[in-house]
Amino acid sequence: YCFSNTALSSIDIPMNITTINNRCFSDTQSLNQLTGASNVLILGSDVFSNTGFVTADHILDTFAGAAGGSGILSECSKLVSAKLSENVSVIPSRAFENSPNFSLLDLGESQRDISIGAHALSGLASDLLIKRPVTRDAASKKVSYPTMSFDQLAVSPSNGAWGTDV
């Protein structure tokens, strides 16, 4: 909780930081920019929960090699999208849980397997579009997609409607 509920709008995490503890920056509504953090090996839970991030394009990429990270961007009311780089193969459990405006998860252009943790996409108030790369073989006219594994996936839009379009 060391910087929790403060007026920070941006943070630059120094190279010598290897662990970020639980809820370190949570409830910091003005926080919307992150730099540094390239040496973080252990990430506590709910580190950026209820913050002001609108996109999570670099958050998961920054911590791709770190252990932990459950609920990293949970309860972020301003969060609308995330585009993942090829470095990201795991979306932690509860990653975007209860982030009501989160509506686009772009898996990027790289063909790779993606594992989505338990409840990573639960509690979203709007429909969620998952954009994933497509490979088309012109000769055989086959279309292929990377493998996605879901651990107890719970995606339920507020209107209760379920869709199968991907």
Side-chain angles (χ1 to χ4, degrees), residues 11-26 31-51 53-76 78-99 101-124 126-137 142-157 162-166:
I11 52 173
D12 182 14
I13 299 176
M15 296 283 291
N16 63 332
I17 301 296
T18 58
T19 301
I20 300 177
N21 291 322
N22 296 347
R23 301 190 64 81
C24 185
F25 299 102
S26 66
L31 181 59
N32 61 20
Q33 186 176 357
L34 168 71
T35 55
S38 59
N39 288 336
V40 172
L41 302 173
I42 300 171
L43 195 60
S45 65
D46 303 299
V47 170
F48 299 106
S49 177
N50 194 26
T51 53
F53 287 99
V54 175
T55 63
D57 293 1
H58 301 292
I59 302 290
L60 293 178
D61 185 45
T62 298
F63 300 110
S70 174
I72 188 169
L73 288 159
S74 63
E75 301 179 20
C76 290
K78 296 177 184 174
L79 187 66
V80 295
S81 67
K83 181 174 183 177
L84 308 182
S85 78
E86 69 256 2
N87 297 330
V88 179
S89 61
V90 175
I91 297 174
S93 64
R94 300 182 37 254
F96 305 112
E97 182 181 49
N98 296 327
S99 293
N101 295 307
F102 188 73
S103 58
L104 174 62
L105 177 59
D106 186 338
L107 302 180
E109 302 304 318
S110 176
Q111 288 283 338
R112 71 204 181 288
D113 294 346
I114 302 279
S115 176
I116 299 178
H119 307 287
L121 303 170
S122 67
L124 306 180
S126 62
D127 292 334
L128 175 66
L129 172 63
I130 298 178
K131 183 180 174 189
R132 59 187 180 159
V134 176
T135 301
R136 290 183 171 83
D137 184 341
K142 289 184 179 180
V143 176
S144 62
Y145 301 93
T147 303
M148 294 173 59
S149 65
F150 297 93
D151 181 14
Q152 301 175 10
L153 180 67
V155 178
S156 55
W162 288 84
T164 57
D165 295 338
V166 177

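- Counting only heavy atoms from C-beta outward, the side chains of Glu97 and Ser122 approach each other to under 4.5 Å.
- Taking OG of Ser38 as the start and CG of Asp61 as the end, the distance is 11.0 Å to the nearest 0.5 Å.
- One distance of note links CG of Asn98 with CG of Leu79; it measures 12.5 Å at 0.5 Å rounding.
- The CG atom of Asn32 lies 11.0 Å from the SG atom of Cys76; values are rounded to the nearest 0.5 Å.
- Using modelled atom types, no side-chain atom of Asn39 and backbone atom of Thr18 make a donor-acceptor pair closer than 3.5 Å.
- Of all heavy-atom pairs between Leu104 and Leu128, the closest is N-CD1, 3.8 Å.
- Between Ile114 atom CD1 and Ile91 atom CD1 the span is 6.0 Å, to the nearest 0.5 Å.
- For the pair Asn101 (side chain) and Val80 (backbone), a donor-acceptor distance under 3.5 Å is absent.
- Across all non-hydrogen atoms, the minimal contact from Gly71 to Ser49 is O-CB, 4.2 Å.
- A perpendicular orientation is assigned to the rings of Phe48 and Phe53, their planes being inclined by more than 60° (bins at 30° and 60°).
- A pairwise comparison of heavy atoms in Phe102 and Ala82 identifies CE1-N, 3.7 Å as the closest pair.
- Taken from CD1 in Ile17 to CD1 in Ile42, the straight-line distance is 12.5 Å, to the nearest 0.5 Å.
- A distance of 10.0 Å separates OG in Ser89 from CG in Leu84, rounded to the nearest 0.5 Å.
- Minimum interatomic distance between Gly36 and Thr62 (heavy atoms only, all atoms of both residues): O-CG2, 3.6 Å.
- For the residue pair Thr35/Asp12, the side-chain donor-acceptor check at 3.5 Å is satisfied.
- Using a 4.5 Å cut-off on side-chain heavy atoms (C-beta onward), Leu107 and Ile130 make contact.
- Ser74 approaches Ser99 most closely through the heavy-atom pair C-OG, 3.8 Å.
- Of the options Asn87, Val88, Val40, a side-chain contact (heavy atoms from CB on, under 4.5 Å) to Phe63 is made by Val40 and by none of the others.
- Counting heavy atoms from C-beta outward, Glu75 and Asp46 have side chains that stay 4.5 Å or more apart.
- Across all their heavy atoms, Val47 and Gly44 have their closest contact at CG2-O, 3.2 Å.
- Side-chain contact between Leu60 and Phe96: present, with at least one pair of heavy atoms (C-beta onward) separated by less than 4.5 Å.
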